Amino acid sequence: MKSSLYNIARAKISLATALRTNGTVNGTTVDLHENKDSSRSAMLIVLSGTITDGSHAITLQESDNNSAWSTVAAADLQGSAPTITDTADDRIYEVGYLGAKRYLRAVSTVSGATTGGTVSALILRGFPRRTPISHT
């Protein structure tokens, strides 16, 4: 089998693309052990569209049981979770996850917005214990 990122990585949406105004939205849970692929690494990828106003803080949360959540400690991140403002249209942010929890999700907290902005986030899982991984 030829080496390919397709064989060792899989992306899952946590925060669907949406116009976000004031408030907090918890993203969909991403299971690092889904389909018995047991990923050993993960990365949060945040995409900003048009941001007209407000401060859009994106954080990464982790959980052992998919019910009790905590924000990932800075020591368990490569890079830092972004806070997006109206000067950050059409950008991609990448944040590595070094922790050991099974479940991850992105969280969007918007403040000071009237019309807000479009933001989405996905979690890229990689380096599974068995390859190739399933994409079904």
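This structure is a prediction, so every number in the text was calculated from the model and none was measured. Sequential numbering from 1 along the given sequence is applied to the chain's residues.
Taking NZ of Lys101 as the reference point, atom CG of Leu60 lies at 12.5 Å (rounded to 0.5 Å). Separating the CG atom in Asn26 from the CG atom in Leu15 is a distance of 8.5 Å, to the nearest 0.5 Å. Going from atom CE of Met43 over to atom CD1 of Ile123 covers 11.0 Å, rounded to the nearest 0.5 Å. Atom-to-atom distance recorded for Arg20:CZ and Ser120:OG is 7.5 Å, nearest 0.5 angstrom. Here the OG atom belonging to Ser70 is positioned 4.5 Å from the CD atom belonging to Glu62, to the nearest 0.5 angstrom.
Nearest heavy-atom pair across Ile51 and Thr118 is CD1-O, 3.7 Å. In terms of heavy atoms, Ala42 sits closest to Leu32 at CB-CD2, 4.0 Å. Considering every non-hydrogen atom in both Val46 and Ile58, the closest pair reads CG2-CG2, 3.7 Å. Nearest heavy-atom pair across Val95 and Pro82 is CG2-CD, 4.3 Å. Contact between Asp31 and His33 at its shortest, heavy atoms only, is OD1-N, 2.8 Å. Nearest heavy-atom pair across Thr21 and Ala113 is CA-CB, 4.3 Å.
Side chain of Ser39 to backbone of Ser41: no donor-acceptor contact under 3.5 angstrom is found. For the pair Ser48 (side chain) and Ala88 (backbone), a donor-acceptor distance under 3.5 Å is present. Within the 3.5 Å criterion, the main-chain N or O of Thr29 finds no donor-acceptor partner in the side chain of Asn66. Formation of a donor-acceptor pair under 3.5 Å by the Asp53 side chain with backbone atoms of Gly116 is found in this model. Not a single donor-acceptor pair under 3.5 Å links the side chain of Arg10 to the backbone N or O of Tyr6. In this structure, the side chain of Ser108 does not engage the main chain of Val25 through any donor-acceptor pair within 3.5 Å. Of the possible polar contacts, one joining the Ser63 side chain to the Ala68 backbone as a donor-acceptor pair under 3.5 Å is found.
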Assess the residue pair Ile45 and Ile92 against the criterion (side chain to side chain contact (heavy atoms under 4.5 Å, CB included)); give the C-alpha distance rounded to whole Å, side-chain angles, the decisive distance to 0.1 Å, and a yes or no. CA-CA 7 Å; Ile45 300 173; Ile92 297 173; 3.9 Å; yes
Asp64/Arg102 under salt bridge (Lys or Arg N to Asp or Glu O under 4.0 Å): CA gap, chis, key distance, verdict: CA-CA 5 Å; Asp64 281 322; Arg102 177 173 177 172; over 6 Å; no
For the pair Leu47 and Tyr93, evaluate side chain to side chain contact (heavy atoms under 4.5 Å, CB included) and give the outcome as yes or no after the intermediate values. CA-CA 7 Å; Leu47 299 99; Tyr93 302 87; over 6 Å; no
Would Tyr103 and Val30 count as a side chain to side chain contact (heavy atoms under 4.5 Å, CB included) if you check the C-alpha gap in whole Å, the side-chain angles of each, and the deciding distance to 0.1 Å? CA-CA 6 Å; Tyr103 302 98; Val30 175; over 6 Å; no
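When the shell of 6.0 Å around CD1 of Ile13 is examined, it contains 12 or fewer heavy atoms from other residues, nucleotides or ligands.
Under 4.0 Å is where a charged nitrogen must lie from a carboxylate oxygen, and between Glu34 and Arg125 at least one such pair does.
In this model, no donor atom of one side chain and acceptor atom of the other lie less than 3.5 Å apart for Tyr97 and Gln78. Thr50 and Asp89 share no donor-acceptor pair across their side chains, judged by distance under 3.5 Å alone.
Screening Val72, Thr71, Leu44 for a side chain to side chain contact (heavy atoms under 4.5 Å, CB included) with Leu77, the sole residue that qualifies is Val72.
A continuous path of hydrophobic side-chain contacts links Leu5 to Phe127 [ILVMFWY only; heavy atoms under 4.5 Å].
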